[in-house]
Number of protein chains: 2
Amino acid sequence: MVPRTDPLTLEVVELIGTVVARYHEEYEEAAAEHSLTGAQARVLGLLSHEPMPMRRIAQRLKCEPSNVTGIVDRLEARGLVERRPDPADRRVKLAAPTDEGRGTAARLRDSLHFAREPLAGLSEAERTSLRDLLRRMLGTD
Amino acid sequence: MVPRTDPLTLEVVELIGTVVARYHEEYEEAAAEHSLTGAQARVLGLLSHEPMPMRRIAQRLKCEPSNVTGIVDRLEARGLVERRPDPADRRVKLAAPTDEGRGTAARLRDSLHFAREPLAGLSEAERTSLRDLLRRMLGTD
DNA sequence: CAGATGTTTCATGTTGTCAAGTAACTGGGT
DNA sequence: ACCCAGTTACTTGACAACATGAAACATCTG
């Protein structure tokens, strides 16, 4: 019943685990530099692309909507995000970044060095190859 | 000031973000199947390799030692882990998995499908290539 | 003995779930 | 057109887990 996993696959899995760990570390660190928690940074990053209803944020974060209420509350209290009515549906509240929120999101993105610097060590051909392999792994092809 | 990032690199970074998200999802899901939280599963996994002092667990998890106290408390309350004195230093408590804890850890590892199934779609040459690229990215070479 | 180290406890804040409540939309049936 | 039942969006409240920081305690080290 135990799936047979050859050493090569195991090594790749372990490498991915390391990538995941490092990515998280750097993400939290970058968020902390802007006095944000990881969850707050993720939401702000989402909203900086486009405003969206609370419900949609919850779907993206894969958590309960009631949880999003609190996170947006805290972002709103700090003036980084605001709630707007949705003209098409009065039940809906659209969360949108303020100007300051947009600025913070941009600075946050820039301080997210991960994978950008390490990737610089790879040639363009290698990066293309890495992209294709990751795509296939994720079934994004 | 903004580091120039070509579209290819950006895409790779985004793909890695997706990998990270999916990895976490599956990890939490696998943990939940055994009625564990993510943090508890991580600690149990750590200890299943070898017992270690609380302090070391905190270093591995990159959190405060006082946090580990609570996580190990909950694992101990469920009979998955026990605290033993360290014969060499009476201040230290070694956390070690019980037999049941070892079993749970093993079942947990087996239910961690991530990357194993997706990787099956790659040929051996491709997996080797992916391994080498990840190694170089991580500076593990 | 003085200082450093390992663990716990306490206070506090954030994230997460679930259940209940309110407001607003939707699709019948009359 | 109207109303009503059911659904959907969001919030609130209770509660558990996770996380930090400060303070307490026992123990080690020089």
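Labels below follow one simple rule: chain letters A, B, ... track the order of the sequence lines, proteins then strands, and each chain is numbered from 1. All heavy atoms count here, side chains included; hydrogens, waters and symmetry mates do not.
- In this structure, N67(B) reaches the bases: a heavy-atom distance under 4.0 Å links it to at least one base atom across the strands shown.
- Phosphate proximity of dT11(D) to T69(A): present, with a side-chain N or O under 4.0 Å from OP1 or OP2.
- Rounded to whole angstrom, the span from the CG atom of D86(B) across to the C1' atom of dT27(D) amounts to 12 Å.
- Side-chain polar atoms of S48(B) and R109(B) form a donor-acceptor pair below 3.5 angstrom.
- Residue R42(A) is classed as having no contact, given no heavy-atom separation below 4.0 Å to the nucleic acid.
- The base of dG13(C) has none of its N or O atoms less than 3.5 Å from a complementary donor or acceptor on the side chain of T37(A).
- In this structure, P65(A) and R55(B) both approach DNA chain C, and ranking their closest nucleotides by distance from the 5' end singles out R55(B).
- The distance between atom CD of E29(A) and atom C1' of dT20(D), rounded to the nearest whole Å, is 16 Å.
- In terms of phosphate contacts, K93(B) brings a side-chain nitrogen or oxygen within less than 4.0 Å of OP1 or OP2 of dT8(C).
- For E26(A) (side chain) and Y23(A) (main-chain N/O), no donor-acceptor pair under 3.5 Å exists by modelled atom type.
- Put simply, R56(A) has no side-chain N or O that comes within less than 4.0 Å of OP1 or OP2 on dA9(D).
- Rounded to whole Å, atom C1' of dA19(D) lies 11 Å from atom CG of L61(B).
- I57(B) places its CD1 atom 13 Å from the P atom of dG6(C), with the value rounded to the nearest Å.
- Residues D6(A) and T9(A) bring a donor and an acceptor atom of their side chains to less than 3.5 Å of each other.
- For E64(B), counting side-chain heavy atoms from C-beta on, the closest listed nucleotide (dT17(C), dT8(C), dT20(D)) is dT20(D).
- At whole-Å resolution of the value, CG in L75(A) and C1' in dT14(C) are 12 Å apart.
- The side chain of S66(A) sits closest to dG13(D) out of dT9(C), dG13(D), dG6(C).
- By the 4.5 Å heavy-atom criterion applied to side chains, L112(B) and L108(B) are not counted as neighbours.
- Across the protein-nucleic acid pair, D73(A) atom CG and dG13(D) atom P stand 12 Å apart, rounded to whole Å.
- As a whole-Å value, the separation of M54(A) CE from dA23(C) P is 18 Å.
- R91(B) contributes no side-chain N or O that forms a donor-acceptor pair with the base of dT7(C) under 3.5 Å.
- A side-chain donor-acceptor contact under 3.5 Å links R136(A) to the backbone of G121(B).
- Relative to the side chain of R74(A), the nucleotides dT11(D), dT27(D), dT15(C) differ in distance, and dT15(C) lies closest.
- Following rounding to the nearest Å, H24(B) (NE2) and dC18(D) (P) show an atom-to-atom distance of 13 Å.
- Here dC25(C) is the nucleotide among dC25(C), dT14(C), dC18(D) with the atom lying nearest to any side-chain atom of R90(A).
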